[in-house]
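Throughout, a chain's letter reflects where its sequence line sits, starting with A, and its residues are numbered from 1. This structure is a prediction, so every number in the text was calculated from the model and none was measured.
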Amino acid sequence: MLKIDIKRAMLTSEGKTNLEVTAEIQDNELLCLFGHSGAGKTTLLRILAGLTKPDKGRIVFNDTVWFDSEKKINISPQQRNVGYMFQDYALFPNMTVEKNISFAQKEKDKDEVNKLMELFDLDALKNQHPAKLSGGQKQRVALARALASKPNVLLLDEPLSALDFDMRLALQHEIRKAHELLNTVTCLVSHDLQEVFHLASSVILIKNGTVINQGKPADVFSGKQDFYPKQAY
Amino acid sequence: MLKIDIKRAMLTSEGKTNLEVTAEIQDNELLCLFGHSGAGKTTLLRILAGLTKPDKGRIVFNDTVWFDSEKKINISPQQRNVGYMFQDYALFPNMTVEKNISFAQKEKDKDEVNKLMELFDLDALKNQHPAKLSGGQKQRVALARALASKPNVLLLDEPLSALDFDMRLALQHEIRKAHELLNTVTCLVSHDLQEVFHLASSVILIKNGTVINQGKPADVFSGKQDFYPKQAY
Amino acid sequence: QKVNVAAAANLRYVLEEIKTAYLKQNPKAKVNLTFGASGTLVQQIQNGASFDFFMAADNEFPLKLKEKGLTTEPMSTYAFGKLAIYSTTLDVSKQGLDVLKSSAIKKIAIANPETAPYGERAVQLLKSQKLYESLKSKIVLGENISQTAQFAFTGNAEIGFVALSLALAPDMAGKGDYYIVPQSMYQPIEQACILIKTQVLNTEAAKFKKFVLSPNSKAIWEKWGYGLASGK
Amino acid sequence: MDQDFINTLLLTGKLAGWTTIILFIIGFPVAYLLAYKRFPLKPVFEALISMPLVLPPTVLGFYMLVAYSPQNAFGRFLEQHFNTRLAFSFQGVLIASVLFSLPFMIQPLQNGLTSIPKSFRETAYTLGKSEFTTFIRVLIPNMIPSIITAAAMTFAHCIGEFGVVIMVGGNMPGETRVASIAIYDEVQAMNYQAANQYSFILFIISLLILTLIYSINGKKKIFF
Amino acid sequence: MDQDFINTLLLTGKLAGWTTIILFIIGFPVAYLLAYKRFPLKPVFEALISMPLVLPPTVLGFYMLVAYSPQNAFGRFLEQHFNTRLAFSFQGVLIASVLFSLPFMIQPLQNGLTSIPKSFRETAYTLGKSEFTTFIRVLIPNMIPSIITAAAMTFAHCIGEFGVVIMVGGNMPGETRVASIAIYDEVQAMNYQAANQYSFILFIISLLILTLIYSINGKKKIFF
Ligand SMILES: Nc1ncnc2c1ncn2[C@@H]1O[C@H](COP(=O)(O)OP(=O)(O)OP(=O)(O)O)[C@@H](O)[C@H]1O
Ligand SMILES: Nc1ncnc2c1ncn2[C@@H]1O[C@H](COP(=O)(O)OP(=O)(O)OP(=O)(O)O)[C@@H](O)[C@H]1O
Ligand code: MOO
Ligand SMILES: [Mg+2]
Ligand SMILES: [Mg+2]
């Protein structure tokens, strides 16, 4: 279980605000972060990963305190064992597709890497360097890499936004499978309602740094037509 | 009118192929490029912008020959007056949001810049540098910049993929308006069927480098359920 | 045991020849010659450079070392140097010191008077001839006497105040003209040498010193234009 | 502090300043060519530019001295047509210093240019900006640390220049007697106190300038 | 080519090689600290490291000479406990050379490190990689051009070193008589042929090494 209760100053397009999030994510839960551009979704993931320090609050994963502003605890990203997929991928330019993925593994397992590359339709590109990949190909490598590290907590920042519909569906399936297989807590940012309904067991709606609703997807979106989306599909 | 007839070697996830596109885009037409990840959409836009050189063929815009492999003509990106929005934005890190946009203008026009920033909900961020923007904010700056140059040909590579649904709708509207106002030829890459139907006057379906269908959106997608999308919304 | 000799720059050619002669007699000996301005060498020895034997261009620099207690055995004068002016473009052998008044002269090379006795004598000479003030702006300083000779040799300076022994070097003599400044016009350049105190007594150094002072090398000194102390 | 001492410092600054200015003008276009253009024999060309890095200053000094000599074509030409002699003159040392510091300017600039992502240039080109405008408005502002490194290394390297100056300079006060030479001289003459004074002042000045540069530079991050 | 000549070249290579190796070991951690860590007085620390860039080699040489002297604490300590005297010895020159070349190693490495996007490090950390692993596997491979520049500049700068060597090392054959000194000496002896021979050989060796480096470097792009 991941318990979050944090606060952090943030500059948004509405001016200065605070990102304030309180949430409890159960083991095995797949949480979707949903919200406007600049609402603070990426910032929250970075805070969970240990890359950005909240101004105040606590983060506890199972029995481990990851962050506590009062006790001045802030354990490093390495110790958190998260799999973080960046919104801009951050693939290592010096490594091929295959190396990027195998680098993430804690124990080398070539079969696993091959399986991932097959699942993500990257086999033919295994010896390519990132500079020579298309946008969607980069995104798939980044996702495969985040999964390869077998994390306790999986943080995915718009993992499928650059993919076509087919691929998107297929990979939604893979994310769900990985989530179940690894028995992780997963937090995923998405702008795609279909995706949210397909994947999420719960949703957090963020607006301007503040959580305005959280719960099961159906509950959250039913009462909130005024917030999001203005127009359904 | 933009006449395209080009060929270029490409490595895709299916192995080596050629990107082969023949198309005529009328003035005032808004063309959508639609296709799998790695199909060659970005490559086609780069070729139109003059950033990648085709192996063979011709590109003619109105009466100007942009590229002709036989006559060895290849005019520079500067002379083509295109507005190209990169899939990874390529914002200038040294310039603020406002400067990024005004830099694109051929004639300085502060009002125009302010209007663009307002439209794209960037006013509060006008003095921010790109490193401090969220993914969606970056995308909006990149789009605003491409429009600010008042191009003859507008090339947009997944311009709205990182945006939430509201914003997406609003900006679809803006793209359409800009397209009509500037009287441009617009080529847009999108993975979103709704978007294609909403915006495009014609569609090109690319698979593995080859155009497999082109025409009005309704015509293209009606007969092609086997290709795309497997599952409708 | 090898002998590290610190030798004033004016000895460049002479000492090479003496070394050859010495090695002919002592085929197993090893002699390393390092040339520099006398003052530079004194500075290096004071700071711990491992030289065994110092041959200066005057008798004051060895004295400095002696006062610091860095030497063994008394200092010995081995030769008297002669000052010459050298030029590749002007007819110095005919005009003598009058050449210094020539308007064709843009630069005059002199060794740094602080560290090179030959330079010091040259400045002394110019001062006593009341030429120093008028020529001052034309003077370029060589780090030691052989760099000075080289400035004149390359023609970058029309005139160089050099050691006669350097002017006699085949390259120099072949390319230009020299004039020996009358020895009465400057304080004699009495060149002395001294053994440096080393941790292990270097007997080879003493042997080499003896050879330098011996009649065996007399002809070589004279050939290179040095005067010899009467007693030796 | 006496007048000589101040003059020597001023001369040193003048030499370093001029060298840096001249190399700025030469350096940018050359670095640009090396970073972005392909042409035959480019590695050889690059190697030639880097030569002064590897060549002892005395080698360069030696060749300059030979070239400047009125006995040789170049020196004679200057003497006859311009009535100048470069040996033992400020100009002569300046030319040698420019040649000698060339790679200290070019290398950091070239490195800075190559590490700017290609898409920045490409974007500017599609926006109709010329290579020159792109260079001024997009490339230069994104390589400030490299420019500072280039300028600092060049200026610094000139202040430290010794080998070339001792070979072609002739130790003329006000012309070629720069600080490094002056210190050498004082040490050789065992005027340790004077040497100390020079060294100490140079040390303090350098430390102040550099601390200032790094304080400013530290505030700006590479990508602002 | 005679034995002296070969010995001189070998000695030069030995000095430059050892300096580069020692500075590699020192350089990476220091550059890492300077690039990524914040600590008080960092600009002063950076300035101190860059000092040898600005200080004339003769200043450094002078201070080394003073430090090495058995009349002072450090020199006396060495003399009493190790029975070594550093002035005018190879070790003494090596120490001076390491100090003197420090910024030529640090600056390019630090520049290379700062220009690697932060997200690469962040990604590696979230993947559980230690700072050390990240450094070896992610940072180093993405800054190859900077590493080559650092090594080339350092090695090259040592080969060209003259001022420090002549002050700290003098001109002792086999100990401190490196190529730059030898050339200086030969020029003074007006053995222009020998000077030319040294210069030419150094020129050719340098040109070859550098052309090789640039050919390899040219093939690899910064981001492969
Ligand atoms: N710089 C490059 N050099 C070589 N090959 C490249 C380069 N960029 C892309 N490719 C290859 O060319 C093919 C087409 O790439 P392109 O970027 O045009 O795809 P795309 O249709 O835009 O895909 P996406 O929707 O994923 O962005 C891909 O298979 C990719 O591997
Ligand atoms: N490095 C940064 N420094 C300062 N402010 C930042 C930084 N990155 C983002 N911000 C600001 O913080 C706010 C939240 O950003 P965040 O990246 O979390 O948004 P987001 O919800 O992920 O948006 P998007 O959907 O557009 O990616 C934004 O308004 C942005 O301007
Ligand atoms: O031989 Mo000297 O000591 O250069 O005048
Ligand atoms: Mg985000
Ligand atoms: Mg693409």
**Prompt:** Should the heavy atoms of other residues, nucleotides or ligands under 6.0 Å from NZ of A:K72 be counted, would the total exceed 12?
**Reply:** no
**Request:** Just give me the residue among A:A104, A:G50, A:A146 that pairs up with chain E most often, heavy atom to heavy atom, under 4.5 Å.
**Result:** A:A104
**Message:** Can you tell me which of A:R80, A:K99, A:R46, A:Q79 forms the most heavy-atom pairs within a distance under 4.5 Å of chain E?
**Reply:** A:R46
**Item:** Non-hydrogen atoms of A:L91 and E:F120 that approach each other most closely
**Value:** O-CE2, 3.4 Å
**Item:** More than 12 heavy atoms from other groups under 6.0 Å of CZ on E:F39
**Value:** yes
**Asked** side chain to side chain contact (heavy atoms under 4.5 Å, CB included) with E:T126: which of A:L51, A:V153, A:L48?
**Response** A:L51
**Message:** For the OG1 atom of E:T134 and the CZ atom of A:F103, what is their distance to the nearest 0.5 Å?
**Reply:** 6.0 Å
**Item:** Structural part of A:M85 lying under 4.5 Å from a heavy atom of chain E
**Value:** neither
**Message:** Surrounding CZ of E:F45 (heavy atoms of other residues, nucleotides or ligands, distance under 6.0 Å), is the total greater than 12?
**Reply:** no
**Message:** If I compare all heavy atoms of E:K129 with all of A:Q105, which pair ends up nearest, and what's the gap?
**Reply:** NZ-O, 3.7 Å
**Message:** Restricting to side chain to side chain contact (heavy atoms under 4.5 Å, CB included), what partner residues turn up for E:T176, sequence neighbours left out?
**Reply:** E:V93, E:M172
**Closest approach of E:E131 to A:Q78 (non-hydrogen atoms, all atoms of both residues)** = N-NE2, 3.8 Å
**Asked** Hey, does the side chain of A:N94 reach the backbone of E:M143 with a donor-acceptor pair shorter than 3.5 angstrom?
**Response** no
**Prompt:** Has A:K106 got more than 12 heavy atoms of other residues, nucleotides or ligands less than 6.0 Å from its NZ?
**Reply:** yes
**Message:** In the structure I gave you, are the side-chain heavy atoms of A:F86 and E:E122 within less than 4.5 Å of one another anywhere?
**Reply:** yes
